[in-house]
Amino acid sequence: SQYNLARAHKEGIFVNQNLKTAFDYYHKAAEQKHLRAMTDLGVHYFTGFKGGDFELARDEIRALALLESAANYGDVLGQGSLAAVYEKLWTWRTDEARKTLAVSNRETVMALKWWILAARQESPFQASMMESRDELRGKLPPEEIATGRLLADQWKKNDKGMFQGARTLSDEIADGM
């Protein structure tokens, strides 16, 4: 698959390492809805990636879009990665920004929602997702915990296997909040 070719080229497994080719394959696989490719590419866009003469610029909007897609299809690593990104976005805010920006509360609530959904799935990562969920819950006021739980409970799979039901932070950004 294109995802396997992406990883092979990124790591130099059985082929010469070529990061440009690797990320071309990551994009192709993500366009074909390969969930792990969406997750990996989303994480790379969030952190930025540089190796040799190749650089993938940091792009939070693309990162959120890719991770939300993987998470919406129920990929546990996509859900956990999206939760971690929302949590990281919140921690990057200054205390003053947290007081004045309503979005900071949305980020923590969205992070909790995705940790809850990831922790509900039986997977090799379930214990880690539960630990991350519980750690974040310990930092939040009761009303944010209740909202995060409500959003997670509203999320249901549709007939295509994609989660639906609640708006994402990207939806709100696109609508001008």
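Atom set for the values below is all heavy atoms of this structure, side chains included, hydrogens, waters and symmetry mates excluded.
Residues passing the side chain to side chain contact (heavy atoms under 4.5 Å, CB included) test with L140, sequence neighbours excluded: T108, L112, L136, E144, I145. For D153, the side chain to side chain contact (heavy atoms under 4.5 Å, CB included) test picks out R120, R149, with sequence neighbours left out.
Between M38 and D75 the shortest side-chain heavy-atom distance does not fall below 4.5 Å.
The other members of the hydrophobic cluster of L5, by chain and number, are Y25 (side-chain heavy atoms under 4.5 Å, ILVMFWY only).
The structure places OH of Y26 at 12.5 Å from OH of Y45, a figure rounded to the nearest 0.5 Å. How far CZ of F125 is from CG of L77: 4.0 Å, rounded to the nearest 0.5 Å. In this structure, the separation between CG on N72 and CG on L67 is 10.5 Å, given to the nearest 0.5 Å. Atom OG of residue S123 and atom CE of residue M129 lie 6.0 Å apart, to the nearest 0.5 angstrom. To the nearest 0.5 Å, atom CG of residue D40 and atom NE2 of residue H34 are 9.0 Å apart. Taken to the nearest 0.5 Å, the CD atom of Q32 stands 13.5 Å off from the NE2 atom of H27.
Residue L19 comes nearest to G51 through the heavy atom pair CD1-O, 3.2 Å, listed as atom of the first residue, atom of the second, then distance. The two residues L35 and A70 come nearest to each other via the heavy atoms O-CB, 3.8 Å. Here the shortest heavy-atom pairing between I116 and A152 reads CG2-CB, 3.6 Å. Contact detail for A29 and A37: the closest heavy-atom pair is CB-CB, 3.6 Å. Closest of all the heavy-atom pairs between R133 and A119 is NH1-CB, 3.7 Å. Considering every non-hydrogen atom in both G78 and T39, the closest pair reads CA-OG1, 3.3 Å.
W115 and E135 form no side-chain donor-acceptor contact under 3.5 Å, judged by distance and modelled atom types alone.
No continuous path of hydrophobic side-chain contacts links V76 to L82 [ILVMFWY only; heavy atoms under 4.5 Å].
Side-chain atoms of Q121 come within 3.5 Å of backbone atoms of G74 as a donor-acceptor pair (strictly under, hydrogens ignored). Proximity of a side-chain donor or acceptor of Q79 to a complementary backbone N or O of A71 within less than 3.5 Å is detected.
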ask   = Yes or no on salt bridge (Lys or Arg N to Asp or Glu O under 4.0 Å) for D24 and K20, after CA distance, side-chain angles and deciding distance?
value = CA-CA 6 Å; D24 287 344; K20 182 185 179 332; 3.2 Å; yes
Give every donor-acceptor pair under 3.5 Å between a side-chain atom in residues 7-17 and any protein atom, sequence neighbours left out.
residue: R7; atom: NH1; partner: Y3; partner atom: OH; Å: 3.4
residue: K10; atom: NZ; partner: H44; partner atom: NE2; Å: 3.2
residue: Q17; atom: NE2; partner: K10; partner atom: O; Å: 2.6

Distance-only check: which donor-acceptor pairs under 3.5 Å involve side-chain atoms of residues 52-59, not counting sequence neighbours?
residue: R58; atom: NE; partner: F46; partner atom: O; Å: 2.8
residue: R58; atom: NH1; partner: E60; partner atom: OE2; Å: 3.2
residue: R58; atom: NH2; partner: F46; partner atom: O; Å: 3.4
residue: R58; atom: NH2; partner: E60; partner atom: OE2; Å: 3.3
residue: D59; atom: OD1; partner: I61; partner atom: N; Å: 3.2
residue: D59; atom: OD1; partner: R62; partner atom: N; Å: 3.1

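Every pair tested for salt bridge (charged side-chain N to carboxylate O under 4.0 Å, His left out) that includes a residue from residues 121-132 fails, sequence neighbours excluded, so the list is empty.
Counting heavy-atom neighbours within 6.0 Å of K139 NZ, excluding the residue itself, gives a total above 12.
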